[in-house]
Amino acid sequence: MFNVPEAHPRYKSLTKREKLVTGLEAGITSRQGLIAHGRGEAFDYLIGERTLNSAKRATEAAAALLLTAKKPVISVNGNVAALVPEKVIELSELLNAPLEVNIFYWTGERVRKIKEHLEQHGAAHVLGDKAEARIPGITHARAKADREGIFSADVVLAPLEDGDRCEALIKMGKKVIAIDLNPVSRTSRHATVSIVDDIERALENLISGIKEMKKSSRKEWLLEKFDNQGNLRAVIQEIVERLKELKEFDTV
Ligand code: ATP
Ligand code: MG
């Protein structure tokens, strides 16, 4: 991996690109995944590469939803595995929820490589290689899921998910937590709770939120008052405010 100088103003962003290129070379990340990351980066620029207040509220609701779930499952694709393997594993242990490899451009070989990559990082319970069940309403390999994992879960944490599949999971009666930098993607629009933030920042906040909330009695109340569509409007409002600030920015 190319060593990005820490003093570089875009250190964090460039390091993420390096991780994805390494993931691509290892057969974990798809080529299309690089393009999807670029779309995310563009939104992150508009957001100011920080966590918005609306994302903090969504993260609280997501923590409450995961802690009250009967059978939560964490979906991992090739970008997530390359960018944040340690963090999804920490979350999985904290919630006692399995990880499931769930990829859009499905091949048995890539599933196996992602599973091995997670196990090398210490994951004990990785699903996704059976893929014997099918999510109704979507065609081809994208419908694959493990019967004991996503297929029978009540809450699915699905970072960087495809809109079609998110909608299909909701139609199955599941609650879906999305992590997606695009507030107007179909995924963000269909999910039960949409965290509009970068995957790394979102998982850090989610992990600390869950630790804080574990014994709290506010979980049901938080879930009841959370309005995802209203929160997505708040995201857009925060981006608009930031664009107004940028408009005033003068380099001379
Ligand atoms: P949809 O199918 O939901 O309409 P889409 O077609 O725009 O979405 P996909 O290719 O399905 O996009 O999924 C990639 C999504 O992941 C994009 O919306 C992008 O903003 C988001 N994304 C990419 N990288 C990151 C990241 N590091 N953190 C958070 N979100 C990201
Ligand atoms: Mg999407």
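Remember, it's 1-based here, ligands and their atoms both numbered in the order they're listed. Side chains included, hydrogens not; waters and symmetry mates left out as well; all remaining heavy atoms used.
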Identify which of Leu203, Leu181, Leu34 has a heavy atom lying nearest to atom 30 (N) of ligand 1.
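Heavy atom nearest to atom 30 (N) of ligand 1 belongs to Leu181.
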If you have a sec, work out which protein heavy atom is nearest [atom] and how many Å separate them, to one decimal?
atom: atom 9 (P) of ligand 1; result: Glu161 O, 4.4 Å
atom: atom 23 (C) of ligand 1; result: Ala36 O, 3.2 Å
atom: atom 8 (O) of ligand 1; result: Ser185 CB, 3.7 Å
atom: atom 21 (C) of ligand 1; result: Asp180 OD1, 3.4 Å
atom: atom 4 (O) of ligand 1; result: Arg186 N, 3.0 Å
atom: atom 28 (N) of ligand 1; result: Ile199 N, 2.9 Å
atom: atom 27 (N) of ligand 1; result: Asp198 OD1, 3.1 Å
atom: atom 6 (O) of ligand 1; result: Arg39 NH1, 3.3 Å

Evaluate Arg186 against Asp162 for side-chain contact (heavy atoms from CB on, under 4.5 Å), listing each step before the verdict.
CA-CA 8 Å; Arg186 287 169 308 139; Asp162 159 62; 3.8 Å; yes
Checking side chain to side chain contact (heavy atoms under 4.5 Å, CB included) between Val80 and each of Ile28, Leu99, Val101, Val88, which is the one that passes?
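The side chain to side chain contact (heavy atoms under 4.5 Å, CB included) with Val80 is passed solely by Val88 among Ile28, Leu99, Val101, Val88.
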Report the C-alpha separation of Leu243 and Val240 in whole Å, then their side-chain angles, then the decisive distance to 0.1 Å, and conclude whether the side-chain contact (heavy atoms from CB on, under 4.5 Å) test is met.
CA-CA 5 Å; Leu243 289 178; Val240 168; 5.6 Å; no
Worked check of salt bridge (Lys or Arg N to Asp or Glu O under 4.0 Å) between Glu60 and Lys56
CA-CA 6 Å; Glu60 261 196 337; Lys56 288 181 190 154; over 6 Å; no
Mark up the atoms of ligand 1 that fall under 4.0 Å of a heavy atom belonging to [X], in ascending order.
X: Gly40; answer: 19 (C), 20 (O), 22 (N), 23 (C)
X: His37; answer: 23 (C), 24 (N), 27 (N)
X: Gly163; answer: 1 (P), 2 (O), 3 (O)
X: Asn182; answer: 18 (O), 20 (O)

Restricting to non-hydrogen atoms, name the atom on Val155 and the atom on Ala69 that form the minimum distance, rounded to 0.1 Å.
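Taking Val155 first and Ala69 second, the nearest heavy atoms are CG2-CB, 3.5 Å.
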Could you report the tightest heavy-atom contact between Lys71 and Ser152, atom names first, then the distance?
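Result for this residue pair: NZ-OG, 2.5 Å.
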Backbone or side chain, does any N or O of Leu160 fall under 3.5 Å from an N or O of ligand 1?
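Between Leu160 and ligand 1, no N or O pair is found under 3.5 Å apart.
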Within-cut-off N or O pair, Thr187 and ligand 1, under 3.5 Å:
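N/O-N/O distance under 3.5 Å: yes.
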Under 4.5 Å between any side-chain heavy atoms of Glu49 and Arg201, yes or no?
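Answer yes - side chains close enough.
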Could you check whether any side-chain heavy atom of Asp154 comes within less than 4.5 Å of a side-chain heavy atom of Lys175, counting everything from C-beta outward?
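No - every pair of side-chain heavy atoms lies 4.5 Å or more apart.
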Just to check, does Asp197 reach to within less than 4.0 Å of ligand 1 when the distance is taken from its heavy atoms?
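So Asp197 counts as touching ligand 1.
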Take every heavy atom of His190, measure it against each atom of ligand 1, and state whether any distance is under 4.0 Å.
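So His190 does not count as touching ligand 1.
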Donor on one side chain, acceptor on other, [X] and [Y], under 3.5 Å:
X: Ser194; Y: Asn228; value: yes
X: Asp180; Y: Ser185; value: yes
X: Gln120; Y: Glu116; value: no

Using a cut-off of 2.8 Å, how many protein N, O or S atoms sit around the Mg ion (ligand 2)?
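Atoms of protein N, O or S type lying less than 2.8 Å from the Mg ion (ligand 2) total 2.
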Derivation and outcome, side-chain contact (heavy atoms from CB on, under 4.5 Å), residues Val235 and Ile239
CA-CA 6 Å; Val235 170; Ile239 296 176; 4.1 Å; yes
Please determine whether side-chain contact (heavy atoms from CB on, under 4.5 Å) holds for the pair Lys16 and His37, giving the CA-CA distance in whole Å, both sets of side-chain angles, and the decisive distance to 0.1 Å.
CA-CA 9 Å; Lys16 278 176 204 161; His37 183 77; 4.2 Å; yes
Those residues that, when tested against His117, pass ring pair (Phe, Tyr, Trp, His ring centres under 6.0 Å) (two or more places apart)
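Residues passing ring pair (Phe, Tyr, Trp, His ring centres under 6.0 Å) with His117: His121.
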